[in-house]
Each structure stands twice: as structure tokens, then as C-alpha cells.
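Input: a single structure, listed below in C-alpha cells.
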Amino acid sequence: MTLYGIPNCTTVKKARAWLAEHGHDVPFHDFKKQGVDAAWLKQVVKQTGWQALLNTRGTTWRKLSDAEKDAAGNEAGAITLMIAQPSVIKRPVLERDGAYHLGFSETDYQTLFGA
């Protein structure tokens with residue numbers, strides 16, 4: 001099990017706190033420090049779809065040029081953008097038992113962990 005994201009992201013902080021409070025010591029992969037691997041992204045996209053993984057609501061997306069946004073209009077372009085700008089990846093990404101879960105919701109985590 002691994003939690004992926006950016007440590008200063010509010011939603012990542014909530015997920016990490018919830019996991020810690022419920023006794024789950026989960027390794028953390030920091031996109032900013034450890035980067036994003038294309039093979040990993042393709043694996044996540046295969047399960048979640050690139051549209052779900054690409055965060056088009058965040059400030060990083062809003063700061064992109066129209067050309068950059070247009071280039072991310074398909075899977076290959078979105079993956080290229082996510083490698084170059086990891087902040088556009090929906091966070092956190094929780095990998096558990098080979099399945100990827102996007103975002104954080106206390107209800108979803110309770111269901112996932114049987115808490």
C-alpha cells in the first residue's frame with residue numbers, strides 16, 4: 001500500500017491524518033521530490049481513466065495556457081502533462097492491493113478499510 005501526492009495538499013493531509021488515526025502506516029510517495037513515472041501513470045490510467053486522474057479544477061490547471069490544456073485532451077497528452085506538472089494529478093492516489101483510489105473521502109476510506 002502506498003499513498004501518492006504532494007505533502008502540502010490539504011486533501012493529502014486529510015488522507016494521511018485519517019490513515020494515521022486508524023493505525024495504517026502507509027508509505028508516502030511525494031510527486032514533487034520523487035517524481036512521476038510514465039509506467040506508473042499508465043497503470044493508474046488503465047484503472048481510473050485519464051480524465052479522472054487529470055485534475056482540471058486546481059490552480060495548476062488554471063495557470064496553463066490554452067495550448068497546454070488542448071494538448072492534454074487525450075491520454076498521451078494528459079500523461080505527458082502529468083509527468084511535466086505533477087500538480088495536475090488528482091490527489092491523493094492510494095494504491096491498495098493493486099487497486100488505485102483517487103481523492104479522499106472519509107466515507108470511502110471507511111468502506112475501503114472496513115473502519
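Side chains are part of it too, since the values below use all heavy atoms of this structure and drop only hydrogens, waters and symmetry mates. By convention here, the first residue in the shown sequence is residue 1.
- Note that the NZ atom of Lys63 and the CD atom of Gln85 stand 10.0 Å from one another [nearest 0.5 Å].
- For the residue pair Asn55 and Trp61, the shortest heavy atom distance occurs at O-CB, 3.5 Å.
- When every heavy atom of Ile6 is checked against every heavy atom of Ser87, the shortest pair comes out as CD1-OG, 3.6 Å.
- Clustering ILVMFWY residues whenever any of their side-chain heavy atoms sit less than 4.5 angstrom apart, transitively, puts Leu41 in the very cluster that holds Leu64.
- Applying the side chain to side chain donor-acceptor pair (under 3.5 Å) criterion to Ser65, with sequence neighbours excluded, gives Glu68.
- Results of the side chain to side chain contact (heavy atoms under 4.5 Å, CB included) test with Leu94 over Tyr100, Tyr4, Tyr109 single out Tyr109 as the only residue that passes.
- Centroid-to-centroid, the aromatic rings of His22 and Phe113 stay 6.0 Å apart or farther.
- For Trp50, there are no side chain to side chain donor-acceptor pair (under 3.5 Å) partners at least two apart in sequence or on another chain.
- Of all heavy-atom pairs spanning Leu54 and Ala78, the tightest one is CD2-CB, 4.3 Å.
- More than 12 heavy-atom neighbours from other residues, nucleotides or ligands sit within 6.0 angstrom of CG on Asn8.
- Contact of the Met82 side chain with the Leu53 side chain is registered, since non-hydrogen atoms from C-beta on lie closer than 4.5 Å.
- Distance alone, capped at 3.5 Å, is enough to place a donor-acceptor pair between the Arg96 side chain and the Leu112 backbone.
- Residues Val12 and Phe31 do not share a hydrophobic cluster, defined by chaining ILVMFWY side chains whose heavy atoms lie under 4.5 Å apart.
- Among residues at least two apart or in separate chains, there is no side-chain hydrogen bond (donor to acceptor under 3.5 Å, both in side chains) pair with a member in residues 69-78.
- Note that the CE atom of Met1 and the CG atom of Leu19 stand 6.5 Å from one another [nearest 0.5 Å].
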ask   = Can Val44 and Ile89 be said to form a side chain to side chain contact (heavy atoms under 4.5 Å, CB included), step by step?
value = CA-CA 11 Å; Val44 179; Ile89 299 172; over 6 Å; no
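- For the pair Val93/Thr48, no side-chain contact is recorded, criterion being any heavy-atom separation below 4.5 Å from C-beta on.
- Put simply, the side chain of His101 never gets that close to the backbone of Pro92: no donor and acceptor are under 3.5 Å apart.
- Here the closest non-hydrogen pair linking Gly98 and Gln47 is O-NE2, 2.7 Å.
- Considering only residues two or more places apart in sequence or on other chains, Lys46 meets the side-chain contact (heavy atoms from CB on, under 4.5 Å) condition with none of them.
- Considering only residues two or more places apart in sequence or on other chains, Asp37 meets the side-chain contact (heavy atoms from CB on, under 4.5 Å) condition with Ala39, Trp40.
- Evaluation of the side-chain contact (heavy atoms from CB on, under 4.5 Å) rule for Glu106 yields Trp18, Phe104, Gln110 as partners, not counting sequence neighbours.
- For the residue pair Arg16 and Pro7, the shortest heavy atom distance occurs at NH1-CB, 4.0 Å.
- Residues Leu3 and Ala15 share a closest heavy-atom pair of CD2-CB, 4.3 Å.
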